[in-house]
**Student:** 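Supplied in structure tokens, the structure appears directly below.
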Amino acid sequence: MEKTESSQIHCGKSLVKRSAFSYAFPLTVPICAGFLFLGISYGLYATGQGLPAFLPVLMSATIFAGSMEFVTVALLTAPFDPLGAFLLTLLVNARHIFYGLSMVTAYRGTGWKKIPLIYGMCDESFAINATTKIPDTIDKGWFYLHVTWLNYLYWVGGVALGSFGGKLITISLKGIEFVLTALFAVLFLELLLTAGKRLYCYLGFGITAAWLLAVGPERFMIPAMITIVVVFLSMRRYKRSASHDSQPKIDAKEDPQV
């Protein structure tokens with residue numbers, strides 16, 4: 001009897017994992033196309049700078065920060081400057097601070113999965129995990145994990161193809177990176193069409209556009225994210241305060257349970 005119950009529990013857990021994977025995988029296919037192309041480009045670029053073929057793959061698996069990996073190749077061929085490398089890395093990847101703040105609530109209760117979720121956070125994984133409306137029948141923790149490891153695999157696999165077999169690729173892949181731009185556009189439109197989230201879309205778009213016009217395309221990202229986080233947190237606190245004030249107060253004398 002105990003063996004039967006144990007096997008049923010095991011089958012139930014396996015079904016949860018498979019259903020989460022089936023729901024997550026189609027959402028990552030556009031990212032696969034973009035990551036494979038960008039990964040191949042990075043592998044070709046790194047080996048073209050004289051790095052051994054295994055090193056770009058190792059960096060992609062350990063650093064896992066696409067833009068910073070390109071910068072790392074230049075840092076490895078430049079004079080040794082650890083402080084400059086640290087500040088540059090912080091500047092390039094500072095946006096991940098805001099990604100983490102946004103996903104604190106979503107990743108709560110995921111157990112051991114939280115470690116690979118934090119390590120594997122990237123722009124594309126954040127975009128899917130933060131915007132996808134997950135059905136109640138799908139385990140959120142496994143959904144987040146499948147999205148994260150699939151995107152990780154796409155990137156490292158693309159870099160490996162570029163590093164070890166890039167010279168064998170003869171077809172033109174020009175323009176395929178636009179798939180990622182199209183993905184973010186679709187996710188934004190989905191949020192825009194979701195009732196209750198339009199205001200946040202308008203505010204985010206307006207704040208970003210304002211900073212873009214104010215400081216230019218090279219400096220707008222960090223101040224725009226800071227402003228968005230401050231505005232959204234202020235709105236959240238205001239809503240909580242308003243909700244608390246609107247709740248009827250029960251007099252202790254009138255409460256039958258007192």
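Just so it is clear, the values below take in all heavy atoms, side chains as well, and ignore hydrogens, waters and symmetry mates. Positions are given from 1, in the same order as the sequence printed here. Note that the structure is a prediction, hence the values are computed from the model and not measured.
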**Student:** We want to know whether Thr28 and Asn151 form a side-chain donor-acceptor pair, criterion being a heavy-atom distance below 3.5 angstrom.
**Tutor:** no
**Student:** Indicate if Phe232 and Leu199 have the same hydrophobic cluster label, given that clusters are the connected sets of ILVMFWY residues with side-chain heavy-atom separations under 4.5 angstrom.
**Tutor:** yes
**Student:** Within a strict 4.5 Å, meaning less than it, do heavy atoms of the Met235 and Leu203 side chains meet?
**Tutor:** yes
**Student:** Can you tell me how far the CD1 atom of Ile31 sits from the CG atom of Leu36, to the nearest 0.5 Å?
**Tutor:** 11.5 Å
**Student:** Do you know which two heavy atoms are closest between Pro56 and Ala53, and how far apart they sit?
**Tutor:** CD-O, 3.3 Å
**Student:** CD1 of Ile138 to CD1 of Ile134: how many Å apart, nearest 0.5 Å?
**Tutor:** 8.5 Å
**Student:** Are Trp142 and Phe21 packed together at the side-chain level, in the sense that at least one heavy-atom pair is separated by less than 4.5 angstrom?
**Tutor:** no
**Student:** Take atom CG in Leu213; do more than 12 heavy atoms of anything else shown fall under 6.0 Å from it?
**Tutor:** yes
**Student:** Using side-chain contact (heavy atoms from CB on, under 4.5 Å) as the criterion, point out the one residue from Val57, Thr47, Val159 that pairs with Phe164.
**Tutor:** Val57
**Student:** Within the 4.5 Å heavy-atom criterion, are Phe98 and Ile228 side-chain neighbours or not?
**Tutor:** no
**Student:** A side-chain contact here means heavy atoms from C-beta on lying under 4.5 Å apart; do Val73 and Met59 qualify?
**Tutor:** yes
**Student:** Using 0.5 Å steps for rounding, measure from the OG1 atom of Thr208 to the CG atom of Leu212.
**Tutor:** 8.5 Å
**Student:** Using atom types as modelled and distance alone, determine if a side-chain donor or acceptor of Ser125 lies under 3.5 Å from a backbone N or O of Cys122.
**Tutor:** no
**Student:** Hey, what's the ring geometry for Tyr119 with Phe64, parallel, tilted or perpendicular (30° and 60° as the breaks)?
**Tutor:** parallel
**Student:** Does Tyr152 use its side chain to pair, donor to acceptor, with the backbone of Ala61 at less than 3.5 Å?
**Tutor:** yes
**Student:** When Leu233 is tested against each of Val229, Val230, Val231 for side-chain contact (heavy atoms from CB on, under 4.5 Å), which residue passes?
**Tutor:** Val229
**Student:** Consider only side-chain N and O atoms of Glu124 and Trp155, and report whether a donor and an acceptor are under 3.5 Å apart.
**Tutor:** no
**Student:** Any side-chain heavy atom of Pro116 sitting closer than 4.5 Å to one from Leu145?
**Tutor:** yes
**Student:** Would you check if the side chain of Ser163 reaches a backbone N or O of Ala160 as a donor-acceptor pair within less than 3.5 Å?
**Tutor:** no
**Student:** Nearest 0.5 angstrom please: Thr227 OG1 to Phe220 CZ, how far?
**Tutor:** 12.0 Å
**Student:** Taking all heavy atoms of His146 and all of Ala24, pick out the closest pair and write down the distance.
**Tutor:** CB-CB, 3.9 Å
**Student:** Report yes if some heavy atom in the side chain of Tyr23 is under 4.5 Å from a heavy atom in the side chain of Pro135; otherwise report no.
**Tutor:** yes
**Student:** Of the non-hydrogen atoms in Ala224 and Ile207, which two are nearest, and what is the gap between them?
**Tutor:** O-CG2, 3.9 Å
**Student:** With the side chain counted from C-beta on, respond yes when Thr132 and Ile128 share a heavy-atom pair under 4.5 Å apart, and no when they do not.
**Tutor:** yes
**Student:** For Lys140, look at atom NZ and say whether over 12 heavy atoms of other residues, nucleotides or ligands are found less than 6.0 Å away.
**Tutor:** no
**Student:** Where is the tightest heavy-atom contact between Phe126 and Met121, given as atom of each residue plus distance?
**Tutor:** CB-SD, 3.6 Å
**Student:** Could you state the interatomic distance from OH (Tyr107) to OG (Ser102), rounded to the nearest 0.5 Å?
**Tutor:** 10.5 Å
**Student:** Is any side-chain heavy atom of Thr148 closer than 4.5 Å to a side-chain heavy atom of Asn129?
**Tutor:** yes
**Student:** How many angstroms lie between atom SG of Cys32 and atom CG of Leu153, to the nearest 0.5 angstrom?
**Tutor:** 8.5 Å
